Chemist: 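To start, I am sharing the structure in question, which I have written as structure tokens.
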Amino acid sequence: MKFGGTSVADPDAIGRLVDIVRTQQAKAAGGAAPVVVVSALAGVTDALVTVAQLAEDGESDRAAAALQALEERDLAVAAAVTSESRTRVLAEVRREFQELIGLVHALAVLREVSPRSRDAVHAVGELVSSRMVAAAFADAGLSSAWIDARTVLITDDEHNAAAPDMAETCARARARIAPEIAAGTIVVLGGFIGATANGVTSTLGRGGSDYSAAIFGACLGMDEIQIWTDVDGMVTADPRIVPRPRVVPQLSFAEASELAYFGAKVLHPSTILPAVSKNIPVRILNSRRPENAGTRITADAMPDAGRLTAIACKRDVTVIDITSTRMLMAHGFLRRLFEVFERFKTAVDVVTTSEVSVSVTVDDTRWLEAILDNLHNFAEAGCEREMAIICAVGENLRGDPTLFGRAVTALDRIPLRLVSQAASRRNITFVLRDSDVPHAMMRLHEAFF
Ligand code: ADP
Ligand code: ASP
Ligand code: MG
């Protein structure tokens with residue numbers, strides 16, 4: 001059971017969380033205990049990102065002030081949700097912040113924040129929230145244990161976007177967590193964080209608590225992975241763009257991955273992988289309305305005939321056009337081209353080709369200039385910023401050729417820069433100007449939902 005930032009935002013939210021877990025345990029066969037994974041309190045990771053940035057800019061005082069405000073908020077929530085464990089938990093929170101204040105001061109003096117130090121700063125939100133939630137369970141009379149996720153979730157050393165070592169993590173999860181579950185104890189871990197084999201703190205990347213939950217769920221062979229959040233499930237479009245989208249009651253693992261990858265923020269894009277490997281259903285639920293059924297994600301879910309499943313969008317991407325009249329279709333050209341992206345560890349999302357050009361989209365533009373310089377060694381290359389990707393997803397796209405036509409018709413007169421439908425035929429991807437996203441999403445949503 002993973003609870004996101006808004007589901008642990010304040011004492012009331014943590015109270016609801018305790019009730020949800022209690023109900024779940026009461027329903028489970030033999031009172032089997034769930035494993036609980038929590039995010040930092042809402043907004044805390046954003047604030048820690050700012051703190052690291054201030055340190056990098058040498059703004060020691062402003063960083064210290066921001067940390068003090070965060071510490072006060074965490075202490076206030078911790079005090080409100082605990083009773084018997086209060087003194088111990090407040091001391092733990094203070095100790096975590098004391099270490100962090102020292103670290104941030106040192107970073108601000110050096111004006112240097114390496115990816116590794118950044119992870120040490122960002123991890124504090126989950127280290128603190130998970131301790132207070134574990135104590136809240138205990139004080140509510142539920143048997144619970146806090147386990148430092150860094151002693152279980154072992155990752156590579158790609159700091160800020162680390163990948164789990166599944167074999168090692170599963171071995172540790174079975175050794176440390178499984179016996180507690182068997183004894184009916186609710187184990188609470190911070191999401192998002194782990195450690196390298198040498199014990200250095202790492203993180204799975206923003207939004208990574210979902211991924212942590214799926215990793216632990218797969219390692220322990222749980223019956224279900226539940227993502228508790230602030231919406232009623234996966235909805236048919238991003239609610240910040242399309243008002244009143246509908247809840248999608250069920251979808252397939254493949255549909256969920258496409259949607260997560262192309263912007264449905266409710267799930268971290270890697271979440272589905274561990275679930276697929278063990279065929280464990282994933283459920284998305286609303287912690288404010290726990291009685292709702294939410295969305296169930298399984299291997300073989302199929303939408304009703306004639307329907308798409310949902311649409312998602314990824315905003316502010318850059319299109320790179322690569323043209324080479326001479327060499328384009330010569331063998332080895334595409335290898336050279338993609339080697340450039342590989343060298344700068346920049347992921348490409350959409351690719352389309354024509355006889356004389358290849359167009360790709362990228363999200364991460366940190367290395368854009370260097371990529372263009374390298375491409376210029378063997379081709380002409382230019383880029384266009386402020387573009388976006390809209391992705392319409394549905395298993396039905398395979399069998400129902402009318403869906404594609406209806407989608408294109410819905411976008412009538414909106415300039416489409418690239419269009420692609422990949423081999424899975426589970427999605428249609430449109431690349432268009434970012435400023436066209438709101439009305440394009442509205443029109444697609446109206447046409448299909
Ligand atoms: P949490 O803190 O619980 O992890 P997130 O903010 O990461 O929550 O994800 C939930 C948010 O994702 C929702 O509030 C919603 O605004 C956004 N969202 C975007 N697209 C979708 C979608 N297709 N279905 C559900 N939520 C979506
Ligand atoms: N707290 C982390 C973040 O905000 C991880 C998560 O919430 O999933 O990115
Ligand atoms: Mg999230």
Side-chain angles (χ1 to χ4, degrees), residues 1-9 13 16-17 20 37-50 52 70 74 118-119 121-130 149 153 160-162 189-194 202-215 226-249 251 255-271 282-289 292 294-295 297 308-315 390-394 437 441 444-445 448-449:
M1 302 177 77
K2 175 264 175 175
F3 291 85
T6 46
S7 305
V8 290
R16 285 192 294 271
L17 179 163
I20 290 169
V37 174
V38 297
S39 292
L41 312 197
V44 166
T45 311
D46 286 337
L48 291 168
V49 168
T50 308
L70 271 182
D74 273 321
R118 209 173 285 280
D119 274 349
V121 175
H122 293 176
V124 172
E126 270 75 5
L127 287 172
V128 169
S129 66
S130 55
L153 207 169
N160 309 162
L189 302 119
F192 173 61
I193 59 175
S202 57
T203 71
L204 304 175
R206 294 304 307 273
S209 294
D210 304 336
Y211 192 17
S212 299
I215 293 167
Q226 299 179 347
I227 306 293
W228 290 86
T229 183
D230 61 351
V231 278
D232 282 331
M234 177 72 80
V235 292
T236 46
D238 189 330
R240 289 162 298 185
I241 300 175
V242 174
R244 290 183 301 283
R246 295 213 219 146
V247 175
V248 183
L251 67 163
E255 289 173 325
S257 329
E258 302 271 6
L259 289 166
Y261 189 77
F262 287 109
K265 189 195 168 207
V266 70
L267 267 192
H268 181 280
S270 303
T271 306
V282 176
R283 201 194 278 271
I284 305 176
L285 294 146
N286 189 340
S287 64
R288 285 177 181 276
R289 286 198 280 266
N292 286 5
T295 295
I297 309 171
L308 281 180
T309 299
I311 50 183
C313 62
K314 191 160 173 173
R315 303 198 64 170
I390 290 186
C391 183
V393 173
V437 163
M441 289 286 279
L444 277 174
H445 198 264
F448 287 100
F449 304 105

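No experiment lies behind these values; they were computed from the predicted model shown. Whatever order the structure lists them in is the order used to number ligands and atoms, beginning at 1. Scope of the values below: all heavy atoms of this structure, side chains included, with no hydrogens, waters or symmetry mates.
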Chemist: Using a 4.0 Å heavy-atom threshold (strictly under), name the region of S39 that reaches ligand 2: side chain, backbone, both or neither.
Modeler: side chain

Chemist: Suppose we measure from atom 16 (O) of ligand 1 to each protein heavy atom; which comes out shortest, and what is that distance?
Modeler: R240 NE, 3.5 Å

Chemist: Could you check whether N292 and D232, counting side-chain N and O atoms only, form a donor-acceptor pair closer than 3.5 Å?
Modeler: yes

Chemist: Return the closest protein heavy atom for atom 7 (O) of ligand 1 as residue, atom name and distance.
Modeler: K265 CE, 3.5 Å

Chemist: Would you mind listing which atoms of ligand 2 come within a distance below 4.0 Å of any non-hydrogen atom of R206?
Modeler: 3 (C), 4 (O), 9 (O)

Chemist: Does an N or O anywhere in S209 fall below 3.5 Å from an N or O of ligand 2?
Modeler: yes

Chemist: Taking the non-hydrogen atoms of S209, is any one of them nearer than 4.0 angstrom to ligand 1?
Modeler: no

Chemist: Counting only heavy atoms, tell me which of T295, V247, T229 gets closest to atom 8 (O) of ligand 1.
Modeler: T229

Chemist: For residues E126 and L189, determine if any side-chain heavy atom of one lies less than 4.5 Å from a side-chain heavy atom of the other.
Modeler: no

Chemist: Side chains of D119 and N160: do they bring a donor and an acceptor to under 3.5 Å?
Modeler: yes

Chemist: Take I297 and L267 through the test side chain to side chain contact (heavy atoms under 4.5 Å, CB included) and record every step on the way to the result.
Modeler: CA-CA 11 Å; I297 309 171; L267 267 192; 3.8 Å; yes

Chemist: Tell me whether S39 reaches ligand 1 (any heavy atom closer than 4.0 angstrom to a ligand atom).
Modeler: no

Chemist: Any chance the side chains of T236 and H445 put a donor and an acceptor closer than 3.5 Å?
Modeler: yes

Chemist: Ligand 2 versus E126, non-hydrogen atoms closer than 4.0 Å: side chain, backbone, both, neither?
Modeler: side chain

Chemist: If the cut-off is 4.0 Å to any non-hydrogen atom of G233, which atoms of ligand 1 fall inside it?
Modeler: 24 (N), 25 (C)

Chemist: Tell me the contacting part of V235 for ligand 1: side chain, backbone, both, or neither, using a 4.0 Å heavy-atom threshold, strictly below.
Modeler: both

Chemist: So is K314 actually on top of Y261's ring, under 6.0 Å and inside 45° of the axis?
Modeler: yes

Chemist: Are the side chains of I241 and C313 in contact, using a 4.5 Å heavy-atom criterion?
Modeler: yes

Chemist: Is the shortest heavy-atom distance from the side chain of L285 to the side chain of T229 under 4.5 Å?
Modeler: no

Chemist: Using a heavy-atom cut-off of under 4.0 Å, does the side chain or the backbone of A264 touch ligand 1, or both, or neither?
Modeler: both

Chemist: Side chain, backbone, both or neither: which part of H268 comes within less than 4.0 Å of ligand 1 when only heavy atoms are counted?
Modeler: neither

Chemist: Check whether any heavy atom of G191 sits under 4.0 Å from an atom of ligand 2.
Modeler: no

Chemist: Are any of the N/O atoms on G207, whether in the backbone or the side chain, positioned under 3.5 angstrom from an N/O atom of ligand 2?
Modeler: yes

Chemist: In Å, rounded to the nearest 0.5 Å, how long is the span from CD1 of I227 to CZ of R283?
Modeler: 12.5 Å

Chemist: Do I20 and W228 come within less than 4.5 Å of each other through their side chains, counting heavy atoms only?
Modeler: yes

Chemist: Which ligand 2 atoms, with their elements, are less than 4.0 angstrom from a heavy-atom of F192?
Modeler: 2 (C), 5 (C)

